Amino acid sequence: MTVAHIVFLLGLLVLIVAMALRKNVLIPAVLATFATALAYDGNIASAVMSVFRATLTAGGALFEIFVVIAAVTSMLAAMRSIGADELMVRPFGRWMIDGRIAYIVLFVVTYLLSLFFWPTPALALIGAVLLPAAIKAGLPPLGAALALAISGQGMALASDYVIGLAPSISASGAGVPADDIADRALVLSLIVGLTAATLAWFLTVRREIARRNRDSETPDGGSGAGGLTPGAAVDLPAGERNRPSPVGTVPISDTVAVPSSDTVAVPSVDAVLPRTSTPVLTRPAAARAWAIGVPATFGLVLVYMMLGRFTDLVPWSDGAGASLVGGSALLLMAAVTLTTQRSDALEHCATHFVDGLAYAFKAMGIILPVAGFVYLGIPDYSGSILGLESDTGPAFLFDAVERVQEYTPDNGLFAALSMVVIGMLIGLDGSGWAGLPLTGGIAASLAPQVGMDTATLAALAQNAATWTGGGTLVIWSSLIVVAGFCRVPVGDLVRRLAIPVVSGLLVAAVAAVVLW
């Protein structure tokens, strides 16, 4: 290997250490890109330009997803302006008749909403409407927190099947179709999620419900019910009030908010698109119509996606899911605004979309320089980053993996477990998605040697990174937001999640080897 190879590998090591220490990875990525380019050709000016070209290359590869996030966010803002978002989830509260049913309903609804709107915006809706109903039905606050974390921050975000950001980032490093990774990530996330939810029920939730029943003499609003009411202030322990959240700041109350961090920090929709304290339904009929029409439309979108991916009944191409979701969201945003705010609809539509773009870049902008550095190790991108005339450039990452192949066991299960461990290490930054180009590249290098599918290994690492940092296993992730809404100690929540989630990841690794 050349000096440039060694510098690149040292840069990767620095990035992983920075993630493990919960430090910002922007500066290490920029410096590692500069140092690698300088070691490659010795030209300082060319190395400086490579830093910019790396970020630009990553932006070109990922910009589609930024627009999708902006479109979905703008649609939610339009619904929020008329109160349709709360009306959309309110009927599910009627199904919660006891603690067991409340656990299932909260789990399923959170998963479905998080698939289409991401966990943090979904959590804002659930915390205001469904969570108090679940607590009243007999589900302990800790049980509610487990359901929310496993289904939203874990299962839905790990596959990101509808919006498609995570599979696209993984695919950019793996060099395989994003749809292939998305399909496998969905199956694996369901395996992890259902395993974790079942273990959490038997290890924690069922016992908490039994304990709550024994203490049923506790008055409503006391410790038995958690005292949860929509909009109530959340008093977090002093040491937990400033924990960073990778999916952003969700104003839990007027007195306590979970601040973003210097890691991959994503502001909540509430922070970008604030709602008045009491939404006024100036057009209640329209609000109810859109509360039904929006989820029905996305249901049809999901059906179309399934038909396109698995049948020949409708035309389909790789990556079309993001375009379909984004286009549907923009049309719905325009339709909601035009039918409810006719006099100044044009201005409102523009404001919603601009706010959505701001949210998207605040959410994922940090990924660009990190992805740019990882792309420097992949031949499909390194040529353009280094300013070479040829279409392909050096393969720093692939060459390094090839050098250690002779020392790596030729075993699919070992490779699967290795990708899980690598993904969990990447997830220690409190998000995990910044390292997905890296895990995708490692999967592409490792797959031919062990005889496994690249998409499968990339999907495994994506799941492990997201379940760890998305998050369910680190207290500096968005798990602090879940704990704040449910008024449970975040440290206790992590301890209760550790065995179920890690067990689910191990089961998923074995299942990946068996299924693919």
Side-chain angles (χ1 to χ4, degrees), residues 1-21 23-59 61-62 169-175 366-388 390-408 418-419 422-423 425-426 428-429 432-449 454 457-458 461 465:
M1 290 193 297
T2 66
V3 174
H5 284 82
I6 296 174
V7 173
F8 179 81
L9 293 178
L10 289 176
L12 285 181
L13 179 61
V14 170
L15 253 67
I16 293 174
V17 171
M19 290 176 183
L21 295 177
K23 299 299 183 180
N24 194 302
V25 293
L26 174 63
I27 296 302
V30 170
L31 294 179
T33 302
F34 174 80
T36 304
L38 182 62
Y40 180 73
D41 62 7
N43 188 319
I44 295 179
S46 177
V48 171
M49 290 186 287
S50 294
V51 172
F52 175 77
R53 286 193 293 253
T55 303
L56 188 64
T57 299
L62 302 175
I169 300 176
S170 295
S172 66
I366 190 67
I367 284 181
L368 296 182
V370 180
F373 168 65
V374 176
Y375 289 170
L376 187 57
I378 301 173
D380 291 343
Y381 299 98
S382 60
S384 60
I385 293 175
L386 294 171
L388 304 179
S390 59
D391 294 334
T392 60
F396 300 125
L397 179 60
F398 294 170
D399 292 344
V401 173
E402 287 179 2
R403 287 293 299 270
V404 300
Q405 280 184 355
E406 58 182 293
Y407 307 106
T408 304
S418 297
M419 295 306 296
I422 292 171
L425 290 174
I426 292 297
L428 291 177
D429 72 329
W433 284 12
L436 291 184
L438 170 61
T439 58
I442 294 174
S445 300
L446 191 60
Q449 175 190 352
T454 298
L457 293 179

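Model, not experiment: these values are computed from the prediction.
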Give me the atom names and distance for the closest heavy-atom approach of Ser384 to Thr57. OG-OG1, 3.9 Å
Nearest-0.5 Å distance that lies between atom CG in Leu15 and atom CG in Leu31: 10.5 Å
Tell me which one of Val7, Leu438, Val17 satisfies side-chain contact (heavy atoms from CB on, under 4.5 Å) with Leu12. Leu438
Non-hydrogen atoms of Met419 and Leu446 that approach each other most closely: SD-CD2, 4.2 Å
Taking Pro394's backbone N and O only, do any of them form a donor-acceptor pair with Ser382's side chain (distance below 3.5 Å, no angle check)? yes
Listed partners of Thr55 passing side chain to side chain contact (heavy atoms under 4.5 Å, CB included), at least two apart: Leu368, Pro369
Over all atoms of both residues, closest heavy-atom pair of Gly372 and Ala58: N-CB, 3.8 Å
Applying side-chain hydrogen bond (donor to acceptor under 3.5 Å, both in side chains), which residue pairs with at least one partner in residues 25-37 are found, sequence neighbours left out? none
Go through Leu376 and Leu386 one step at a time and tell me if the side chain to side chain contact (heavy atoms under 4.5 Å, CB included) criterion holds. CA-CA 8 Å; Leu376 187 57; Leu386 294 171; 3.8 Å; yes
Does atom CD1 of Ile44 have more than 12 heavy-atom neighbours, drawn from other residues, nucleotides or ligands, at distances under 6.0 Å? no
Side chain to side chain contact (heavy atoms under 4.5 Å, CB included) involving Ser170 - partner list, sequence neighbours excluded: Ile181, Leu436, Gln462
Please enumerate all residues that pass side chain to side chain contact (heavy atoms under 4.5 Å, CB included) together with Ala4, with sequence neighbours excluded. Thr2, Ala39, Tyr40, Phe396
Apply side chain to side chain donor-acceptor pair (under 3.5 Å) to Asn43 and list each qualifying residue two or more places apart in sequence or on a separate chain. none
When every non-hydrogen atom of Phe373 is compared with those of Ala32, the smallest separation belongs to CE1-CB, 3.5 Å
Return the set of residues passing side chain to side chain donor-acceptor pair (under 3.5 Å) with Thr454 (not counting sequence neighbours), or none when no residue passes. none
